[in-house]
Participant: 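I have a structure here, written as structure tokens, and I will follow up with some questions on it.
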Amino acid sequence: MQIIQQTSTILKLQIQNYLKNQSIVLALSPIFFLTGLIMISFDTLIILKCNRLESARVDCEIIRKNLLLQKSRSIEVTDLQSAEVSAKKRSGGNRGYNYQIILITKTSRIPLTIHHGSRGKSKYDRETQSINSFIGASEPNSLTVNHDLIPFLTIIGVVFMLVGPLVVISGLTVKQITYCIFDKELKKIFITKQNLLKSEREELMFSEVTKVKVTKKNQFGYILSLEILDGEDIHLKDYGAETDKYRHSQEKYDKYNNIAESINQFIDFGEK
């Protein structure tokens, strides 16, 4: 936000560089979309289907699904003997263990879950117990175990994918204040509002405004406000990328306060 023109009769205040701000926002749209896509691809539902061919033989098939890839390459598990939970200590400073279910056949050890999961061990124990109970019993003749690798990740991924288009729609439709022109001769304030589709101008008489002041809003930090005599204040917000530290800094307050004082002195509201 800055004063970009000042003469004896005109003061022009740029609230924000709208096209620059929107280009940043629109650039984030595909990032949100791709992030959601990656989340969905990682949320794999692992399905173990087992059939009892005879009393002493159980054959199984491992199928991995997600929202993007409905069915991946299945893995045959012949002559399943048992299942166990493998524990792996977390690396670095993290305490505790990650867990993985291993299927044991006569000739090999096959991971049911590709990656170690960090969720509680109880779920892995329950699924392992179901598999071992099926192997040791004479009935039923089939078993299906569904193991969701990361619950709710698909839902979060879909939300991220929807945020991208919503950002574009917001950029196209929501009008933001970009300029304020204070005209001494006409004793008017011209407020320009803009979105990607069109621009419009509103007018205020000097007599409708008491002063320009600095206001603090949690989301935007310090902003400029036009204090309206009979009505709600008009807030002049810069939607540009700013760090939280700068939004609420003394530096920003001083900058906006100097702008407010310059406008107040230029208009001299006491002489309207």
Side-chain angles (χ1 to χ4, degrees), residues 1-29 32 163-272:
M1 186 180 299
Q2 59 183 332
I3 296 172
I4 59 174
Q5 179 185 352
Q6 185 170 354
T7 67
S8 59
T9 58
I10 295 292
L11 185 149
K12 186 174 183 179
L13 175 67
Q14 183 183 45
I15 311 302
Q16 59 186 308
N17 187 327
Y18 180 79
L19 293 179
K20 178 182 177 181
N21 290 349
Q22 286 304 307
S23 64
I24 295 172
V25 172
L26 295 177
L28 292 175
S29 177
F32 275 101
V163 165
L166 289 175
V167 167
V168 174
I169 293 171
S170 174
L172 289 171
T173 58
V174 176
K175 294 184 180 69
Q176 298 175 13
I177 299 176
T178 53
Y179 294 98
C180 269
I181 298 175
F182 301 86
D183 191 319
K184 266 189 178 182
E185 288 186 345
L186 298 177
K187 295 189 180 298
K188 286 184 178 182
I189 301 172
F190 300 96
I191 300 173
T192 301
K193 293 184 178 181
Q194 184 178 353
N195 61 22
L196 289 178
L197 299 177
K198 65 178 181 178
S199 176
E200 64 183 28
R201 178 180 279 192
E202 296 180 358
E203 297 181 9
L204 281 173
M205 299 300 297
F206 280 6
S207 58
E208 298 179 67
V209 181
T210 306
K211 64 179 178 179
V212 179
K213 62 183 180 180
V214 181
T215 305
K216 188 172 184 180
K217 296 285 184 182
N218 289 335
Q219 183 180 359
F220 299 96
Y222 294 108
I223 64 173
L224 283 187
S225 297
L226 303 180
E227 187 176 87
I228 306 302
L229 185 62
D230 295 312
E232 294 185 3
D233 293 351
I234 297 175
H235 301 302
L236 310 178
K237 299 183 285 285
D238 184 354
Y239 290 85
E242 294 178 346
T243 62
D244 288 335
K245 184 177 180 181
Y246 178 72
R247 284 192 188 104
H248 301 87
S249 68
Q250 184 66 35
E251 180 185 355
K252 185 174 182 182
Y253 173 80
D254 291 339
K255 175 185 175 181
Y256 279 36
N257 192 53
N258 289 336
I259 292 173
E261 288 182 356
S262 296
I263 297 171
N264 288 328
Q265 290 173 7
F266 174 80
I267 296 178
D268 192 5
F269 283 103
E271 300 294 328
K272 290 181 293 186

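Residues take their numbers from the sequence shown, with the count starting at 1. Basis for what follows: all heavy atoms, side chains included, without hydrogens, waters or symmetry-related copies.
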Participant: Report the C-alpha separation of D233 and T215 in whole Å, then their side-chain angles, then the decisive distance to 0.1 Å, and conclude whether the side chain to side chain contact (heavy atoms under 4.5 Å, CB included) test is met.
Facilitator: CA-CA 10 Å; D233 293 351; T215 305; 5.6 Å; no
Participant: Do the non-hydrogen side-chain atoms of K175 and K198 ever get within less than 4.5 Å of each other?
Facilitator: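 Heavy-atom side-chain distance check passes, below 4.5 Å.
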Participant: Working to the nearest 0.5 Å, report the span between CD1 of I191 and CZ of F182.
Facilitator: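 Answer for the CD1-CZ pair, I191 versus F182, is 7.5 Å.
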Participant: Answer yes or no: is there a side-chain heavy-atom contact under 4.5 Å between V209 and I267?
Facilitator: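 Side chain of V209 against side chain of I267, heavy atoms only: no contact under 4.5 Å found.
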Participant: A side-chain contact here means heavy atoms from C-beta on lying under 4.5 Å apart; do Q16 and K237 qualify?
Facilitator: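 A side-chain contact under 4.5 Å is absent here.
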Participant: With heavy-atom distances below 4.5 Å as the criterion, would you say the side chains of L229 and E208 are in contact?
Facilitator: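 The answer is no; the side chains never approach within 4.5 Å.
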Participant: CG/L236 to OH/Y179 distance, rounded to the nearest 0.5 angstrom?
Facilitator: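 Atom-to-atom, L236:CG and Y179:OH are 14.0 Å apart.
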Participant: Only counting residues at least two apart or in another chain, list the ones meeting ring pair (Phe, Tyr, Trp, His ring centres under 6.0 Å) with F32.
Facilitator: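 F32 satisfies ring pair (Phe, Tyr, Trp, His ring centres under 6.0 Å) with F160 once adjacent residues are dropped.
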Participant: Who pairs with E202 by side chain to side chain donor-acceptor pair (under 3.5 Å), at least two apart in sequence or on another chain?
Facilitator: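 E202 satisfies side chain to side chain donor-acceptor pair (under 3.5 Å) with K193 only.
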Participant: Between T7 and T9 (side chain of the first, backbone of the second, donor and acceptor by atom type, cut-off under 3.5 Å), is there such a pair?
Facilitator: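 Such a contact is found between T7 side chain and T9 backbone.
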Participant: Does any N or O in the side chain of K184 come within less than 3.5 Å of the main-chain N or O of F266, such that one atom is a donor and the other an acceptor?
Facilitator: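 Indeed, once roles are kept as given, a pair shorter than 3.5 Å links the two residues.
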Participant: Are the side chains of T178 and I15 in touch, meaning some heavy atoms are under 4.5 Å apart?
Facilitator: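 No. Closest side-chain heavy atoms not under 4.5 Å.
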Participant: Okay, side chain of N264, backbone of A260: is any donor-acceptor separation there less than 3.5 Å?
Facilitator: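 The answer is yes, because a donor-acceptor pair under 3.5 Å joins these two groups.
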Participant: Please check this pair: side chain of Q2 against backbone of Q14, looking for a donor-acceptor N/O pair closer than 3.5 Å.
Facilitator: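 No, Q2 side chain to Q14 backbone: no donor-acceptor pair under 3.5 Å.
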Participant: Rounded to the nearest 0.5 Å, what separates atom CG in L224 from atom CE in M1?
Facilitator: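 Nearest 0.5 Å value for the CG-CE distance: 4.5 Å.
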Participant: If I take atom NZ from residue K188 and atom OG from residue S207, how far apart are they, to the nearest 0.5 angstrom?
Facilitator: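 Separation between the atoms: 10.5 Å.
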Participant: More than 12 foreign heavy atoms under 6.0 Å from CD of E200: is that the case here?
Facilitator: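 Yes - once you tally the heavy atoms of other residues, nucleotides and ligands closer than 6.0 Å, there are more than 12.
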Participant: Show the nearest heavy-atom pair for residues H235 and I223, with the distance to one decimal.
Facilitator: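 Scanning both residues completely, I find the closest heavy atoms to be CB-CD1, 3.6 Å.
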Participant: Given side chains that start at C-beta, do those of R201 and I181 come closer than 4.5 Å, heavy atoms only?
Facilitator: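 They are in contact (side-chain heavy atoms under 4.5 Å apart), so the answer is yes.
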Participant: So how far is it from K12 NZ to D183 CG, rounded to the nearest 0.5 Å?
Facilitator: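 These two atoms lie 12.5 Å from each other.
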Participant: CD1/I228 to CD/E232 distance, rounded to the nearest 0.5 angstrom?
Facilitator: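 One gets 10.0 Å once the value is rounded to the nearest 0.5 Å.
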